[in-house]
Amino acid sequence: AQLMGFSPREVLGKRISSEDWSDRVIGVVADYHQVSLHSAIEPLIIRHTLFGRQLLVRYSGAPSTAITSLNKTYEREMGYAAPESGLLSDQLQHLYAADSLRAELMNLFTALTLIIALLGLAGLASFQVEQRKREVAIRKIQGAAPGHLLRLLNRDYLQLCLFASLIVAPLAWYGLGQYLSDFAYHINLSWWHLCIPVLLVSSLAVLVISLRSWQLLRLNPAEHLRHE
């Protein structure tokens, strides 16, 4: 109706003609998505005809029971086997099959990447702890608080995380923008969409390093220096 220049009330009762048919408008429905969100909503005319090729049925209860009952009713009334039937929800799900597969693969590779990175970070933290045992022991004897020592051991890794984030953030912003551009309707990217993952990854890194460093802070510095 909007494309024709009428409001929903104004178009009621008007006649719409084509080369093969001419019908009078008896109702107007709100816009709805006929296909996936990759495409914009297009104009649609719904006509009543006795020779339609599709029949939509609303049911309640189990889908299998409804389909069986529908097939039996069709065969009894029409005298021959019912045509192929299916669920509208399955057809809608099929529209996003590629997106669902892509999301599952991205989640899988993200999890694997995060696990490998944290394992490497744990190994690097263990190496650093071994290298700085003497320094930490001397600082503890001089009265350094555990919190100060943890900040000292975490500082270099946090700087690396922030530096890596500055490199990855523009690439992630570009990649997300390209992905969302495939949809006619999508969210608008904001700065917090990138800040939240950076904060989560940095928090995991601090947790892994702190757990390994805490084992060093629990050691008796005098015992360590005596063995040195």
Side-chain angles (χ1 to χ4, degrees), residues 29-44 54 56 58-59 61-64 66-67 84-131 150-215:
V29 299
D31 291 341
Y32 67 94
H33 294 281
Q34 309 159 33
V35 292
S36 71
L37 295 179
H38 290 276
S39 303
I41 296 177
E42 297 181 352
L44 175 68
Q54 292 183 344
L56 300 180
R58 177 179 293 180
Y59 68 92
S64 58
I67 292 177
E84 182 181 357
S85 59
L87 299 177
L88 183 60
S89 58
D90 292 339
Q91 297 182 20
L92 293 176
Q93 186 176 3
H94 179 71
L95 296 177
Y96 300 99
D99 297 297
S100 299
L101 178 60
R102 184 186 306 174
E104 292 177 359
L105 291 176
M106 289 179 63
N107 291 336
L108 175 61
F109 285 111
T110 299
L112 290 176
T113 302
L114 190 59
I115 292 173
I116 294 174
L118 290 178
L119 289 176
L121 188 60
L124 188 60
S126 299
F127 177 77
Q128 183 201 42
V129 165
E130 292 296 329
Q131 295 294 317
L150 281 177
R151 287 194 299 270
L152 178 66
L153 295 173
N154 287 327
R155 182 180 59 191
D156 294 338
Y157 292 101
L158 280 178
Q159 291 176 350
L160 289 175
C161 287
L162 293 177
F163 179 72
S165 300
L166 292 176
I167 297 177
V168 173
L171 299 177
W173 186 276
Y174 176 77
L176 289 173
Q178 291 295 112
Y179 174 72
L180 292 176
S181 64
D182 290 338
F183 292 86
Y185 306 93
H186 57 78
I187 63 172
N188 294 321
L189 286 177
S190 183
W191 60 270
W192 59 268
H193 288 113
L194 298 181
C195 287
I196 291 179
V198 170
L199 290 176
L200 290 176
V201 173
S202 299
S203 300
L204 287 175
V206 170
L207 178 62
V208 170
I209 298 170
S210 297
L211 289 176
R212 186 62 187 91
S213 301
W214 185 252
Q215 299 176 1

Problem - Between OG on residue Ser36 and CD on residue Gln93, distance to nearest 0.5 Å - result: 13.5 Å
Fill in the blank from the handout: All heavy atoms of Ile187 vs all of His193, minimum pair found to be CD1-NE2, 4.0 Å
Problem - CD1-CG distance between Ile209 and Leu124, expressed to the nearest 0.5 angstrom - result: 8.0 Å
Practice task
Calculate, to the nearest 0.5 Å, the distance between atoms SG and CG belonging to Cys161 and Leu166 respectively.
Solution key: 11.5 Å
Exercise for the section: Please name the pair of heavy atoms, one in Ala40 and one in Ala184, separated by the smallest distance, quoted to 0.1 Å. Expected result: N-CB, 3.4 Å
Completion exercise
Tested for side chain to side chain contact (heavy atoms under 4.5 Å, CB included) against Leu118, the lone hit among Val201, Val208, Thr113 is Val208
Exercise for the section: Kindly indicate whether the side chain of Ile67, heavy atoms from C-beta on, has any atom under 4.5 Å from the side chain of Tyr59. Expected result: no
Practice task
Answer yes or no: is there a side-chain heavy-atom contact under 4.5 Å between His33 and Tyr185?
Solution key: yes
Practice task
Would you indicate whether Glu42, at its atom CD, is surrounded by more than 12 heavy atoms from other residues, nucleotides or ligands within a distance under 6.0 Å?
Solution key: no
Practice task
Taking Ser210 for its side chain and Leu207 for its backbone only, find out whether a donor-acceptor pair lies under 3.5 Å.
Solution key: no
Practice task
Can you see which heavy atom on Trp191 is nearest to which on Trp173, and at what distance?
Solution key: N-CZ3, 4.3 Å
Handout entry: Check: Leu114 and Leu204 side chains under 4.5 Å, non-hydrogen atoms
Key = yes
Handout entry: Heavy-atom side-chain proximity of Leu194 to Leu176 below 4.5 angstrom
Key = yes
Problem - His186, NE2 atom: more than 12 neighbouring heavy atoms under 6.0 Å - result: yes
Handout entry: Interatomic distance, Ile116 atom CD1 to Leu121 atom CG [nearest 0.5 angstrom]
Key = 13.5 Å
Completion exercise
All heavy atoms of Gly177 vs all of Leu189, minimum pair found to be N-CD1, 3.9 Å
Exercise for the section: Report yes or no: does Gln34 contribute a side-chain atom to a donor-acceptor pair with the main-chain N or O of Ile41 at less than 3.5 Å? Expected result: no
Problem - Under 3.5 Å donor-acceptor, Tyr157 side chain and Ser202 backbone - result: no
Problem - Within 6.0 Å of CZ in Phe183, more than 12 heavy atoms from elsewhere - result: yes
Handout entry: Asp99 vs Tyr179 side-chain heavy atoms within contact, under 4.5 Å
Key = yes
Exercise for the section: With rounding to the nearest 0.5 Å, note down the distance linking SG in Cys195 to CG in Leu200. Expected result: 11.0 Å
